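Just below is one structure, and these are the notes that go with it.
Counting convention: from 1, in listed order, for ligands and their atoms alike. Since this is a predicted model, take the numbers as computed values, not measurements.
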Amino acid sequence: MVAHLPSPPASSDMVLRVRGVVQGVGFRPFVHRVATRLGLRGWVRNDSEGVLIRAAGPALAVTELVRALRAEAPPAARVREVEARPAGEADQGPAASFTIAPSGPGGLAVSTAVPPDLALCADCRGELLDPRDRRHRYPFINCTQCGPRYSILERLPYDRPNTTMRAFRMCPACAAEYADGGCRRFHAQPNACPACGPRIALRAASGVEIEGEVALVGAVAVLSRGGVLAVKGIGGYHLMVDAASESAVAELRRRKHRDEKPFAVMFASLAAVRLAAETSTESEALLDSPAAPVVLLRRRPEAALAPAVAPRNPWVGALLAYAPLHVLLLAAFARPVVATSANLAEEPLCTGEDEAHVRLAAIADAFLDHNRPIAHPVDDSVVRPAAAGPILLRRARGYAPAPLRLPGGIEGCWLCVGAQMKSTVAVAARDQVVLGPHIGDLDAAATREVFRRTVTMLGEVHGSEFTRVVCDRHPDYASSEYARATGLPCVAVQHHLAHVLACLLEHGREADAILGVAWDGTGYGEDGTVWGGEFLLLRNRQARRFARLRPFRLPGGEAAVRDGRRAALGLAHAAGDPGLGALGRRLGFSDAETGLLATMLARGVNSPVTTSAGRLFDAVGALLGLGAHNRFEGQIPLALEAAACGRAGAAPVLPLPLRPAPGGAGVAAELDWEPLVAALEAGRLAGRDPAELAASFHAALARGIVAAAREAGAGTVALGGGCFQNALLLDLTSAALGAAGFEVLIPRELPPNDGAIAAGQALGALWNLTTVQPS
Ligand SMILES: [Zn+2]
Ligand SMILES: [Zn+2]
């Protein structure tokens with residue numbers, strides 16, 4: 001009989017390549033801890049592709065390490081793939097133990113996720129508030145699980161000398177933590193303490209400057225007396241005022257030249273948010289996530305918030321104090337504060353002290369500054385909870401610039417310049433596209449300057465020369481002009497096609513047997529008209545315009561974007577009302593104004609033809625008396641949605657028929673809004689509640705989309721475009737499509753609005769899918 005001796009443990013020596021969001025999130029210290037625990041020899045290091053690991057030891061231990069890389073990764077890490085191969089001669093040898101090796105050279109291509117900025121973690125929060133801790137009340141406490149990342153990064157790889165922290169030399173205590181593999185601050189690039197790190201200072205308008213705890217006391221005094229405080233944070237300055245003080249909030253609106261657009265409110269804790277707004281498990285998880293975005297919540301009627309925070313708006317944008325400086329400030333003030341981006345209307349965020357002192361001189365009463373430089377402006381992200389899942393309205397701090405996977409490799413390095421409003425830019429190389437954070441609307445010269453700086457920075461961060469540029473087909477977008485001026489080979493992708501492609505990109509889907517529903521305010525159509533209510537049928541990487549909303553004219557063009565009553569006249573004109581007199585009077589136009597607009601419509605002068613769903617919302621809002629003007633983007637549609645919420649179940653069913661389009665229109669079918677508008681008018685005359693009619697309107701649109709999807713015969717429907725920022729429309733549409741048996745693709749990691757266009761452009765250029773053919 002042969003004795004079964006235990007077989008000697010098989011040993012293994014592997015090189016592991018880890019891709020995804022793995023730099024700047026505590027990944028190397030985590031690998032070091034796990035590998036040490038498993039008794040492995042080897043090293044881990046950052047390089048331009050992500051993280052590279054050599055692991056030598058018992059085969060089972062190596063297998064366990066590979067498992068742990070995914071299963072136990074730090075909270076903010078996102079491991080996209082782990083590739084293993086046997087170690088070879090060319091690989092740096094393993095040492096006697098497991099070490100963190102110096103970073104490899106940066107630079108070949110876009111392949112490393114630039115880590116997003118992360119909110120204060122629970123461990124650091126505990127230390128911040130612990131009188132025995134050496135960082136007690138230190139406003140810049142951070143660790144590998146939290147703190148600034150992208151906003152301080154000047155180039156890859158993400159190491160201290162490549163960040164704005166290089167100006168601060170670590171004290172012996174911080175340096176010891178940084179070098180200690182067992183410590184949470186092991187290789188925490190922004191590691192600092194009161195002895196060696198950045199400091200705060202309060203600067204009054206008089207020029208007097210005070211530092212440290214006294215600065216905090218002074219800042220609270222400014223808020224307490226109703227003043228406007230500019231606070232330098234992670235990605236730029238906020239303007240803060242007491243959110244409970246109507247006069248303080250109104251004064252901020254006056255100084256900032258901001259009419260009615262809601263302000264975000266920063267709270268000290270979830271408990272404080274719950275007092276002011278209705279929350280859910282999902283919305284609390286969003287508020288408390290490492291990204292810590294602004295979350296749109298329904299305001300409680302009894303909330304101790306000034307009405308001027310969000311005039312006539314049932315929602316409030318809430319966010320938690322996410323930087324340690326905010327935590328200290330909010331705790332000392334003991335009330336929520338308005339926290340709005342520090343800029344004049346439509347201008348970019350202020351980031352530097354000198355710049356802020358000049359540009360905000362007429363707005364802020366005092367400045368709470370600090371001396372950690374911000375490499376790039378990053379706004380707060382904005383998210384809206386919906387039944388269909390959270391909708392990302394603005395992708396910035398905490399989300400950008402996490403990369404997305406391109407289905408296939410590209411040669412060279414492409415710059416995708418996006419649209420005009422809600423501008424973002426993307427860089428595509430190899431099999432990834434990195435979408436930068438929200439920049440803003442390129443109408444303002446200062447925003448165009450940020451756009452140019454972002455392009456330069458993304459180029460520098462990724463160490464590549466651009467070889468190609470991708471833009472919108474709109475010839476007059478500042479981004480398109482920029483693209484042409486680069487002199488690089490340039491391709492243009494149709495706007496609504498880019499919306500649909502962005503959705504396919506994030507869902508990793510092929511452009512085949514998909515109906516893309518792209519509904520937004522404005523986009524440049526293939527026929528030179530203003531598109532915005534489009535159904536694009538994608539087959540074999542070709543796009544056809546299958547259906548649209550029935551076209552109408554917008555008297556005054558751009559002026560009609562701000563005044564929904566003009567769109568209402570446009571509908572009446574298209575429906576055959578010749579004089580428009582009675583309607584004009586009802587909408588509050590003088591007869592002379594109506595006459596002028598009627599003439600413009602009749603002659604087609606400065607009255608572009610549009611299929612825009614956003615403008616249909618405007619027109620219906622005006623007709624129902626729920627809103628006349630868009631003083632900020634989407635104001636009328638938001639009012640319609642607010643009125644309709646909670647009424648959808650009981651509202652009467654109104655018609656929105658899908659009909660064959662007129663011959664030669666280049667589109668097979670169109671949704672005819674005329675019976676719908678007529679039914680809404682009849683309901684109004686019959687004295688029905690406008691809120692109920694608004695609900696009927698939303699439901700009719702959702703059914704119209706289902707009708708078009710049935711007719712198109714594709715099993716999958718991809719939604720995109722700014723109209724799907726409307727949570728009610730999104731929920732009704734996705735539920736109706738689902739009930740009708742369609743698979744529905746919804747924007748999740750990318751916004752439905754133009755902030756996703758640059759990402760869609762990358763996929764369009766990759767697939768050479770840039771134009772929408774007639775049906
Ligand atoms: Zn931390
Ligand atoms: Zn220190």
Do [X] and [Y] pair up side chain to side chain, a donor and an acceptor below 3.5 Å, judged on atom types alone?
{"X": "Asp380", "Y": "Tyr322", "value": "yes"}
{"X": "Asp369", "Y": "Tyr237", "value": "yes"}
{"X": "Gln189", "Y": "Thr163", "value": "no"}
{"X": "Glu154", "Y": "Asn162", "value": "no"}
{"X": "Asp159", "Y": "His187", "value": "no"}

- So what's near the Zn ion (ligand 2), protein N, O or S atoms under 2.8 Å? Cys171 SG, Cys174 SG, Cys193 SG, Cys196 SG
- Query: So what does the Cys124 SG - the Zn ion (ligand 1) - Cys143 SG angle come to, to 10°?
  - Reply: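 Reported to 10°, the angle equals 100°.
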- Query: Mind checking whether Val383 and Glu282 have side chains closer than 4.5 Å, heavy atoms only?
  - Reply: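 Not touching, per the 4.5 Å side-chain cut-off.
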